[in-house]
Each structure stands twice: as C-alpha cells, then as structure tokens.
Amino acid sequence: RERDLKIERERLRRALRRLGEAFASGLDRRRLLEVAVAAMCEGVAADAGRAWARTGRAGELEVVVTSGDVEAADAAMTEVEAHAFEVGASARGVVNHRAAIALPLRTPAGELVGFVSIARGGGAFTDPERELLGYLAQQAAQSLENADLHEVVERQAVEDGLTGLANRRLFEERLADEVERARRFPGQALALVMLDIDDFKAVNDRLGHVAGDEVLRAVAATMREDRREMDLAARYGGEELALILPGAELDGAARAAERIRDAIEHLDLPLPGPEGGSLRVTVSAGVAVFGHRADDGERLVEAADEALYHAKRSGKNRVARADSPAALPAE
C-alpha cells in the first residue's frame, strides 16, 4: 500500500507540474488543453483523453485536442460525454472493459467553456480519482478563461470595436510591412484602396448616430466578404475605410474597388424605429499603387486619398484611379 501511495503521489506531482506548464505556455488555447489532458491522464494512469472547447463565432463545442488511443476508448468516452453534456456535471462509467470519465470545464463564475474526458483499461475511476480530476479540471478552466481574456485584449489592440475591421494602428503596421516587401522585391505589386461613405454626415444628422453605426457595420461587412484572404480591410478613421491589396496591380485593384462599390450600392439597410423603411448608401473610392510617385506608405495613402476626393468631386458613388484624372463612373 505504501508503494501504491508513493506511485500515486509521483503521478500527482507530474500532473501538477504539467498543469503548471499550462500557465506558462503563452496562454495558447490548444497548447493549454493539450497540457491539461496530458496532466489528467498522468494523474490517474489513463491512456486516452480528449478535450472539447467552444470554437468559432457561434461558440459550438468541438473536439480540439486528443491524446492516446482515442479510437479504442471512443465508445466509453462518448457515453460518459453524452451524460455529462446532458446533466452539466461529471459522469463516469465502464464500457467494453474501458473505464471513462468526463468532466466539465467551468470558470469560477460558472460559465461552461469545455469538457475533458479520459479513459483507461481496467477498473472504474474511484471517488478520490474523480476529486483529483475535478481539481485539475477546475485549474484548466481557469487557465482557459485567462487565455480567452488574453485573446480579447490582443484583438482589441488591433481591431476597431464598431466595425470589426483592423484599426488604424494595425493598418499602418501592415502597410509599412507591405511597402518594405515591395521595396525588397521590385516585381512585387502593392495597391491601396481608400473608401469613404458618401453623405455620411447627412445620415447621422437625419437618422441619428445609431443608424450611422449600422451603416458603418454593413459597409465593413461587405468589405470583409468581398476581399481576398491576404487583403487587409481597415477602418482608417470616421467613415473612411481602407483596403491593402498585396500583389495587386492598378487595374486589378480598381476592379476590386468597383465590386465593393457596387455591392454597397445594392445594400438594403432597414431603418431603426417603428416607422420602418430602408436606407441605401453609396461609397466613393480612390485607388493607388506603390511606385515611383508613391514610394512610401505615407505617399501611397496620399495618392489614394487624392483619387478618392477626385471621385467625390466627380459626382460620388464611383472609383477613381491615381494614374488618371478621369473617375470610373458607376454603371
């Protein structure tokens, strides 16, 4: 018995050391869950485990980490997971000579952020083992909450709170990086589109800032949807937005800007309030490319802005290119 207790204490020591590593793992969610599953398996001599966590904007629970022979233990873990999901508490059982236990990961405030299930061959998990695993699950949930808070803070540092686009800081950092890349590789094209919502002040004055905010969100969502993965859409300031297009020539960037302009023109935005109705908005855009007259980030922004204001002066709801005095009229 003394030998067994010594072995158990050594397993617990290793499990707690692994959990300590989780706190020092850079607050990466996946790495944290990997360490948590490993620690829990270590603590009770289990040979398989997996972790569920909320992912994506919908926050659905999905398996994000697996460890050991999960296939052999799947039936047992699936059964206890189903029970744990249903009751919102830990569950254990034995299926096909495999013991399994599932434990919820809850923050100190009681929010469910995931589940961990582990399994082993042989006897069922004892009450002391369940208490140990519950303690480890509690620590893992706290670490997961810390990781989520860290991600939120990092995202807020580079994301515009209203539109969800990149903020001015990230825009300037990314533009500087792309300009430097274009300088190092002369054949590397780089384009910039600056967009401005037409008559936006009138929308705010007539309908209020709540409606204005909804217009900004809708325009930003259109920009996000109608861009390449490598492009960066940002809120430059106020109602002015920007799109960095690495590798794009002037003609291609102008076509991209025209697609966005056309999509925004066809938006049908519901008006707030009991009267209902809808609102249509348009944007004007200016396009410029990195080159001999725009050889740094500041001059590239100036060139795109100059083209943008030419589009405004030419009647709005159109795209103008920095290399031409003529704006592309809306079709």
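Residues: numbered from 1 along the sequence shown.
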Start with the C-alpha gap between Lys312 and Asp199, add the side-chain angles, then the distance that decides, and say whether salt bridge (charged side-chain N to carboxylate O under 4.0 Å, His left out) holds. CA-CA 10 Å; Lys312 291 277 192 183; Asp199 303 314; over 6 Å; no
When you look at Asp262 and Arg259, which way does the salt bridge (charged side-chain N to carboxylate O under 4.0 Å, His left out) test go after all the steps? CA-CA 5 Å; Asp262 181 69; Arg259 284 196 306 271; over 6 Å; no
Using the rule given for salt bridge (charged side-chain N to carboxylate O under 4.0 Å, His left out), can you reason through Arg321 versus Asp251, listing the C-alpha separation, both sets of side-chain angles and the distance that settles it, and then say yes or no? CA-CA 9 Å; Arg321 308 192 322 179; Asp251 288 345; 2.4 Å; yes
Step by step, work out the side chain to side chain contact (heavy atoms under 4.5 Å, CB included) result for Val44 and Leu133. CA-CA 8 Å; Val44 294; Leu133 292 171; 4.0 Å; yes
Kindly indicate, with the supporting measurements, whether the criterion side chain to side chain contact (heavy atoms under 4.5 Å, CB included) is fulfilled by Val64 and Leu33. CA-CA 8 Å; Val64 294; Leu33 288 169; 3.4 Å; yes
One pair to check against side chain to side chain contact (heavy atoms under 4.5 Å, CB included): Val215 and Phe200. What are the steps and the verdict? CA-CA 9 Å; Val215 168; Phe200 185 70; 4.1 Å; yes
Should Glu214 and Leu269 be marked as a side chain to side chain contact (heavy atoms under 4.5 Å, CB included) after you check the CA-CA gap, both sets of side-chain angles, and the distance that decides it? CA-CA 8 Å; Glu214 288 303 316; Leu269 306 175; over 6 Å; no
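Test Arg235, Arg224, Arg217 against Asp160 for salt bridge (Lys or Arg N to Asp or Glu O under 4.0 Å) and you get one pass: Arg235.
Criterion: ILVMFWY side-chain heavy atoms under 4.5 Å apart, direct or through other members. Under it, Ile101 and Val80 are not part of a common hydrophobic cluster. A single hydrophobic cluster is seen to contain both Tyr135 and Val113, as judged by linkage of ILVMFWY side chains at heavy-atom distances under 4.5 Å, directly or through other members. Linking ILVMFWY residues whenever their side-chain heavy atoms come closer than 4.5 Å, directly or via other members, places Phe85 and Leu112 in the same cluster. Hydrophobic clustering of Ile, Leu, Val, Met, Phe, Trp and Tyr side chains at less than 4.5 Å, counting indirect connections, keeps Ile118 apart from Trp52. At a threshold of 4.5 Å between side-chain heavy atoms, the hydrophobic network of Ile, Leu, Val, Met, Phe, Trp and Tyr places Leu279 and Met223 in one connected group.
No side-chain heavy atom of Glu34 sits less than 4.5 Å from a side-chain heavy atom of Ser67. Annotation: side chain of Leu232 is not in contact with side chain of Leu243 (no heavy-atom distance under 4.5 Å). Looking only at side-chain heavy atoms (C-beta outward), Thr282 and Ile264 stay at 4.5 Å or farther from each other. Residues Val281 and Val283 are not in side-chain contact: their nearest non-hydrogen atoms beyond the backbone lie 4.5 Å or more apart. Contact check for Leu103 versus Phe115: no side-chain heavy atoms found under the 4.5 Å cut-off. At least one side-chain heavy atom of Leu267 sits under 4.5 Å from a side-chain heavy atom of Thr222. Side-chain contact between Leu192 and Val287: absent, with no pair of heavy atoms (C-beta onward) separated by less than 4.5 Å. Taking 4.5 Å as the limit, every side-chain heavy atom of Glu239 sits out of range of all side-chain heavy atoms of Leu195.
Applying the salt bridge (charged side-chain N to carboxylate O under 4.0 Å, His left out) criterion to Arg92, with sequence neighbours excluded, gives Asp127.
Distance CG/Asp226 to CD1/Ile260: 5.5 Å, rounded to 0.5 Å. To the nearest 0.5 Å, the span separating CZ on Arg255 from CD on Glu249 amounts to 10.5 Å. Rounded to the nearest 0.5 angstrom, Leu162 CG and Leu216 CG are separated by 5.5 Å. Here the straight-line distance linking atom CG of Asp74 with atom CZ of Arg98 works out to 11.0 Å at 0.5 Å rounding.
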List the atom pairs, with distances to 0.1 Å, where a side-chain N or O of residues 201-208 and a protein N or O form a donor-acceptor pair under 3.5 Å, not counting sequence neighbours.
residue	atom	partner	partner atom	Å
Lys201	NZ	Asp205	OD2	2.8

For residues 299-308, tabulate all N or O donor-acceptor pairs below 3.5 Å that involve a side-chain atom, not counting sequence neighbours.
residue	atom	partner	partner atom	Å
Arg299	NH1	Asp296	OD2	2.7

Would you give me the side-chain donor-acceptor pairs under 3.5 Å for residues 169-178, sequence neighbours excluded?
residue	atom	partner	partner atom	Å
Arg169	NE	Glu173	OE2	3.4
Glu172	OE2	Arg168	NE	2.9
Arg174	NE	Glu178	OE2	3.0
Arg174	NH2	Met230	O	2.5
Glu178	OE1	Arg181	NH1	2.8
Glu178	OE2	Arg181	NH1	3.0

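Scanning all heavy atoms of the two residues, the minimum distance from Ala233 to Arg227 falls at CB-CD, 4.1 Å. Annotation for Ala248 and Val289: closest pair O-CG1, 4.3 Å, computed over non-hydrogen atoms. Scanning all heavy atoms of the two residues, the minimum distance from Val193 to Ala285 falls at CG1-CB, 4.2 Å. The two residues Asn167 and Glu159 have their closest heavy-atom pair at ND2-N, 3.6 Å. When all heavy atoms are compared, the tightest approach of Ala242 to Met194 is CB-SD, 3.6 Å. Taking each heavy atom of Leu105 and Ala141 in turn, the nearest pair found is C-CB, 3.8 Å.
Side chains of Ser284 and Asp196: no donor on one and acceptor on the other come within 3.5 Å.
For residues 79-91, the pairs satisfying salt bridge (Lys or Arg N to Asp or Glu O under 4.0 Å) are Arg50-Glu81, with sequence neighbours left out. Residue pairs that meet the salt bridge (Lys or Arg N to Asp or Glu O under 4.0 Å) test with at least one member in residues 100-114, sequence neighbours left out, do not exist here.
Figure legend: cation-pi geometry between Arg120 and Phe125, with NZ or CZ positioned under 6.0 Å from the six-membered ring centre and within 45° of its axis.
Side-chain atoms of Arg184 never come within 3.5 Å of backbone atoms of Val179 as a donor-acceptor pair (strictly under, hydrogens ignored).
Summarising the local packing, CD of Gln188 is surrounded by more than 12 heavy atoms from other residues, nucleotides or ligands at distances under 6.0 Å.
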